[in-house]
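Written below as structure tokens is the structure these notes are about.
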Amino acid sequence: MEHRPYNVSDAEVRFLFITSPALDGFFAEMADLNAATGGNPPTEALKELGDRWDCVFTDLPAGHRTTRMVNESVEEPSETD
């Protein structure tokens, strides 16, 4: 089963994300992986993380390429900032 929450409108949206069982450890490991790779974890590292937590990442690049992971709620600084 795929899970991809997204907002198709231009309006700001809030949603409550609840998991059972709790995935606190998954998100802590994901944060550590992102910090260790500058937000560009290798595909294989994401697959290994998902396997440990029974989670599947979809649309990952093939091979040993990296995937840019960002917090979509945080805007990237512009060049004029």
Side-chain angles (χ1 to χ4, degrees):
M1 176 170 63
E2 281 187 28
H3 175 72
R4 293 183 183 180
Y6 62 94
N7 176 14
V8 297
S9 75
D10 292 333
E12 184 176 318
V13 174
R14 291 183 180 187
F15 69 94
L16 177 62
F17 183 76
I18 300 173
T19 62
S20 179
L23 292 175
D24 297 355
F26 169 82
F27 290 111
E29 285 189 44
M30 174 62 87
D32 291 344
L33 179 58
N34 280 329
T37 62
N40 294 291
T43 297
E44 194 58 35
L46 291 172
K47 287 180 181 177
E48 290 171 3
L49 175 63
D51 288 347
R52 283 195 302 279
W53 289 94
D54 195 25
C55 295
V56 177
F57 290 92
T58 59
D59 299 328
L60 292 175
H64 297 287
R65 295 175 45 200
T66 61
T67 302
R68 180 77 178 133
M69 305 292 285
V70 297
N71 181 345
E72 294 174 0
S73 67
V74 178
E75 292 183 26
E76 296 285 328
S78 69
E79 292 181 17
T80 59
D81 288 345

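Values below: all heavy atoms of this structure, side chains included; hydrogens, waters and symmetry mates excluded.
The line from OG1 of Thr43 to CZ of Phe57 is 10.5 Å long, rounded to the nearest 0.5 Å. For the atom pair CG (Asn34) and CZ (Phe27), the distance works out to 11.5 Å, reported to the nearest 0.5 Å. The structure places CD of Glu48 at 6.5 Å from CZ of Arg52, a figure rounded to the nearest 0.5 Å. With rounding to the nearest 0.5 Å, the separation of CG in Asn40 from CG in Leu33 is 10.0 Å. Distance check, rounded to the nearest 0.5 Å: CG of Asp32 to CG of Leu49 gives 10.0 Å.
The local environment of CG in Asp54 is sparse, with at most 12 non-hydrogen atoms from other residues, nucleotides or ligands closer than 6.0 Å.
Here the shortest heavy-atom pairing between Gly25 and Trp53 reads C-CZ2, 3.4 Å.
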